[in-house]
K.L.:
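Right, I'll just put the structure down here and ask away after.
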Amino acid sequence: MGYAEFYRRSIDAPDAFWVEQARLIDWHEPPRRICDDSRPPFTRWFVGGTTNLCHNAVDRHLRDRPDQPALIWVSTETDGERVYSFRELHAEVNRTAAMLKSLGVGKGDRVLIYMPMIPEAAFAMLACARIGAIHSVVFGGFASVSLASRIEDAEPKAIVSADGGSRAGKVIAYKPLLDEAIRLSRYKPQAVLLADRGLAPMERVAGRDHDWAPLREKHLDAQVPCEWLQSTDVSYTIYTSGTTGRPKGVQRDVGGYAVALAASMELIFQGRAGETYFSTSDIGWVVGHSYIVYGPLIAGMSTIMYEGLPIRPDAGIWWQLVEKYKVTVMFSAPTAVRVLKKQDPAFLKKYDLSSLRGLFLAGEPLDEPTARWIGDGLGVPIVDNYWQTESGWPILTIANGVEPKPAKLGSPGVPMYGYKVKILHESTGEELVRPNEKGVVVIEGPTPPGFMQTVWRDDERFVRTYWESIPGKQVYSTFDWGIRDEDGYFYILGRTDDVINVAGHRLGTREIEESISSHPGVAEVAVVGVADPMKGQVAMAFAIPKDSAVLGDAAAALKLEGDVMKVVDQQLGAVARPSRVRFVSLLPKTRSGKLLRRAIQAVCEGRDPGDLTTIEDPSALQQIKDLFNP
Ligand code: PRX
């Protein structure tokens, strides 16, 4: 069957289509109803079915592949390498599940995981899945204020963390950040479980903090059965940024997610049991959830978890791992490839990459020179794929597992099975059907399995934010601009909201603004994303200092800029640090007081700021222009 027909069937007969995909996983009880969309925009998949993500990722492979590597952990930061077979992974997950239970964690309780890229992080995720606890992994690069807001929203009974992580050989102590986050949060967790890597000193809070290693010793022989969960129960939440400063808890189910991942492994990634998958992402991001931990393991593949940079000890490290572990499917982000592109291309030829069948890239636009460079260098197909934290798996790409289709440079591809993707006019809601008309990329309900169920504890916010942003139409907005060409290939042209994408990391400019505003020397601030050849975008801040003397004093401005950056580092983490903080006496606003962020962004990128008839004082924009063209 060709892809066009395959896709049509997924849209016209979704129940028949997905019931077939549902056979890819183990069910304890089969679903009674495939798709329940009786209460739009909420969609429930495989209703009445019971299953478990950990069973599908671990236990079910004990029969056929107990000694095959399941988790391959490599750290070039601490010089570590460990391979866990499915049998060993099973044992560790059972121990971790028993540890969590001993700390009072049960079904439906939340567990926040704030961890570096170490095996314990994967054990903790799978252990939660096993006992029906809802995990919420927070990216280790975030700092105390980001962490505190997530603790408050998730209300975790326990937090799993570690003494520290390491980046480029520099240790980042996690525990002080965690303690500060718990201090800032109105909600306090009952227990904290700490993996001690011997990287950074840790202070323990008696009665609350527990060390991983001694507690594990007490549960060496633990056998904790998988909790059979409703397909529609919550498996996890993951926080992501949007237009407001408050991150949203993207909530996912159990059965739909398992089926969606299993299907994508076959139809999109073509990863087969027994082979090795290598995703260079981090467990703190959605790619890490879907394609470091759950997807490959559900498919019976070995998965590589890599702690380190792509260029340390040298730019051959990834390819060395591909050779050593015979990686067949690889997943990364364009930014990482652009980093490699600055290194000696001979590294691409140094190792035997004959096992590799494809490199999937996502998270930000893939520019043509980068795609060409890596494609030519590796000699394997480069597959751009577009999706979001909210979707959990690709929305647009090429399903080579169904029918190989030529990719078009610059386009992530065509809608994946199950996704009704449209382009609508942002203010009239009219569907744009002619080729190359720019509009908002939207998805019509019912959304496919794996897609977010709702915003954690806030159905109203889910509906209001995602489904009511286009006038007169109840459709899911991706908040991305896009066009579709005459052959049906989509092109993504950037966000419609205040989200920016720095080196593949999704950040909210409002969160950064809130953090900068907390500095006593700052009266007001605007943060915009500005195009950057390496990182895709960088955050640029324009602030009005409380003390206007700063404006005429270069040394004072430099000092304040450094101080503001430190505040962002401490509160949100270095990932959110703006590349520059520039000081102005006035910010461009409309007469009704709305910040003209788009105009600022345009000026920073040397583009025409467009219609400025509503601007209150044009000299504000002139100041920013002058900063860029002195
Ligand atoms: O703007 C789009 C961009 O990243 C956003 C989603 O980021 P996140 O929630 O972190 O999920 C990443 C999952 C891979 C999107 O709204 N984006 C993602 N992939 C692409 C992309 N932009 C262009 N091309 C892509 N392939």
Side-chain angles (χ1 to χ4, degrees), residues 57-58 61-62 64-93 116-123 125-126 261 264-266 268-283 287-333 336-337 339-340 343 346-361 374 377-383:
V58 183
H61 302 302
L62 291 178
D64 294 339
R65 49 192 81 254
D67 299 313
Q68 177 197 308
L71 181 67
I72 299 167
W73 174 72
V74 178
S75 172
T76 49
E77 294 289 338
T78 60
D79 257 337
E81 189 149 348
R82 266 224 63 180
V83 178
Y84 297 85
S85 66
F86 275 102
R87 199 201 310 274
E88 288 165 328
L89 179 62
H90 180 255
E92 292 301 343
V93 171
M117 288 285 282
I118 55 176
E120 286 82 354
F123 303 159
M125 290 168 77
L126 292 162
L261 292 183
S264 73
M265 292 306 293
E266 263 200 29
I268 299 171
F269 298 100
Q270 296 180 277
R272 298 181 201 113
E275 299 178 346
T276 306
Y277 197 104
F278 179 17
S279 163
T280 68
S281 183
D282 187 286
I283 44 138
V287 178
H289 285 64
S290 293
Y291 298 113
I292 295 176
V293 180
Y294 291 113
L297 293 177
I298 286 173
M301 298 180 78
S302 313
T303 185
I304 297 183
M305 182 179 197
Y306 172 67
E307 180 186 49
L309 300 181
I311 50 169
R312 258 174 58 106
D314 62 44
I317 178 65
W318 282 1
W319 319 118
Q320 196 183 328
L321 294 176
V322 169
E323 176 182 280
K324 178 164 181 187
Y325 292 107
K326 300 199 170 45
V327 172
T328 57
V329 187
M330 195 161 162
F331 194 124
S332 193
V337 179
V339 168
L340 293 176
Q343 310 284 319
F347 282 115
L348 299 181
K349 301 283 174 218
K350 193 171 163 195
Y351 298 95
D352 175 7
L353 307 182
S354 56
S355 60
L356 195 63
R357 286 196 304 266
L359 171 64
F360 293 80
L361 297 174
I374 192 74
L378 297 178
V380 300
I382 304 303
V383 188

K.L.:
Just do the side-chain contact (heavy atoms from CB on, under 4.5 Å) check on Phe86 and Leu297 with the steps written out, would you?
P.N.:
CA-CA 9 Å; Phe86 275 102; Leu297 293 177; 4.0 Å; yes
K.L.:
Do Leu71 and Arg82 make a side-chain contact, defined as non-hydrogen atoms from C-beta onward lying under 4.5 Å apart?
P.N.:
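The answer is no; the side chains never approach within 4.5 Å.
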K.L.:
Enter the distance from Lys324:NZ to Ser355:OG here, rounded to the nearest 0.5 Å.
P.N.:
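Rounded to the nearest 0.5 Å, the NZ-OG separation comes out at 14.0 Å.
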K.L.:
Taking the inter-plane angle between the rings of Tyr277 and Phe269 on a 0 to 90° scale, is it parallel (under 30°), tilted (30 to 60°) or perpendicular (over 60°)?
P.N.:
perpendicular
K.L.:
For the atom pair CD1 (Ile304) and CD1 (Ile292), what is the distance rounded to the nearest 0.5 Å?
P.N.:
10.5 Å
K.L.:
So, do Trp73 and Ile118 sit near enough that their side-chain heavy atoms are less than 4.5 Å apart?
P.N.:
yes
K.L.:
Only pairs under 3.5 Å count here: list side-chain donor-acceptor contacts from residues 310-322, not counting sequence neighbours, and write none if there are none.
P.N.:
from   : atom 1 : to     : atom 2 : distance (Å)
Asp314 : OD1    : Gly316 : N      : 2.7

K.L.:
Within this structure, what is the CE-OG1 distance for the pair Met330 and Thr276, rounded to the nearest 0.5 Å?
P.N.:
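OG1 of Thr276 is found 12.5 Å from CE of Met330.
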K.L.:
Please give me the minimum heavy-atom distance between Ala57 and His61, naming the atom from each residue.
P.N.:
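Residues Ala57 and His61, closest heavy atoms: O-CD2, 3.2 Å.
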K.L.:
Does the side chain of Arg357 come within less than 4.5 Å of Val380's, by heavy atoms?
P.N.:
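The answer is no, as the side chains (C-beta and beyond) never meet within the 4.5 Å cut-off.
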K.L.:
Evaluate the side-chain contact (heavy atoms from CB on, under 4.5 Å) criterion for residues Thr76 and Tyr306: first the C-alpha distance (whole Å), next the side-chain angles of each, then the deciding distance (0.1 Å), finally the verdict.
P.N.:
CA-CA 8 Å; Thr76 49; Tyr306 172 67; 2.9 Å; yes
K.L.:
Counting C-beta onward and ignoring hydrogens, is there a side-chain heavy-atom pair between Pro116 and Glu307 closer than 4.5 Å?
P.N.:
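In contact.
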K.L.:
Among Ser281, Ser279, Ser264, which residue satisfies the side chain to side chain donor-acceptor pair (under 3.5 Å) criterion with Tyr291?
P.N.:
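For Tyr291, the side chain to side chain donor-acceptor pair (under 3.5 Å) check succeeds only for Ser264.
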K.L.:
Could you pull out the closest heavy-atom pair between Gly377 and Lys349, with the gap in Å?
P.N.:
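Looks like O-NZ, 2.7 Å.
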K.L.:
Find out whether Leu378 and Leu348 are in side-chain contact, i.e. whether some heavy atom of one side chain is under 4.5 Å from a heavy atom of the other.
P.N.:
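Yes, their side chains come closer than 4.5 Å.
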K.L.:
Looking at side-chain heavy atoms only, is the closest gap between Ser302 and Tyr325 below 4.5 Å?
P.N.:
no
K.L.:
Output the distance between atom CD (Glu266) and atom CZ (Arg272), rounded to the nearest 0.5 Å.
P.N.:
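Nearest 0.5 Å value for the CD-CZ distance: 9.5 Å.
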K.L.:
Using side-chain contact (heavy atoms from CB on, under 4.5 Å), reason through His289 and Met125 one step at a time and then give a plain yes or no.
P.N.:
CA-CA 9 Å; His289 285 64; Met125 290 168 77; 3.7 Å; yes
K.L.:
Is any side-chain heavy atom of Thr328 closer than 4.5 Å to a side-chain heavy atom of Met301?
P.N.:
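Counting from C-beta outward, Thr328 and Met301 do come under 4.5 Å.
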K.L.:
Rounded to the nearest 0.5 Å, what separates atom CG in Leu89 from atom CD in Gln68?
P.N.:
11.5 Å
K.L.:
Would Val329 and Gln270 count as a side-chain contact (heavy atoms from CB on, under 4.5 Å) if you check the C-alpha gap in whole Å, the side-chain angles of each, and the deciding distance to 0.1 Å?
P.N.:
CA-CA 8 Å; Val329 187; Gln270 296 180 277; 5.9 Å; no
K.L.:
Output the distance between atom CG (Leu309) and atom OG1 (Thr280), rounded to the nearest 0.5 Å.
P.N.:
11.5 Å
K.L.:
If I compare all heavy atoms of Ala121 with all of Met305, which pair ends up nearest, and what's the gap?
P.N.:
CB-CE, 4.2 Å
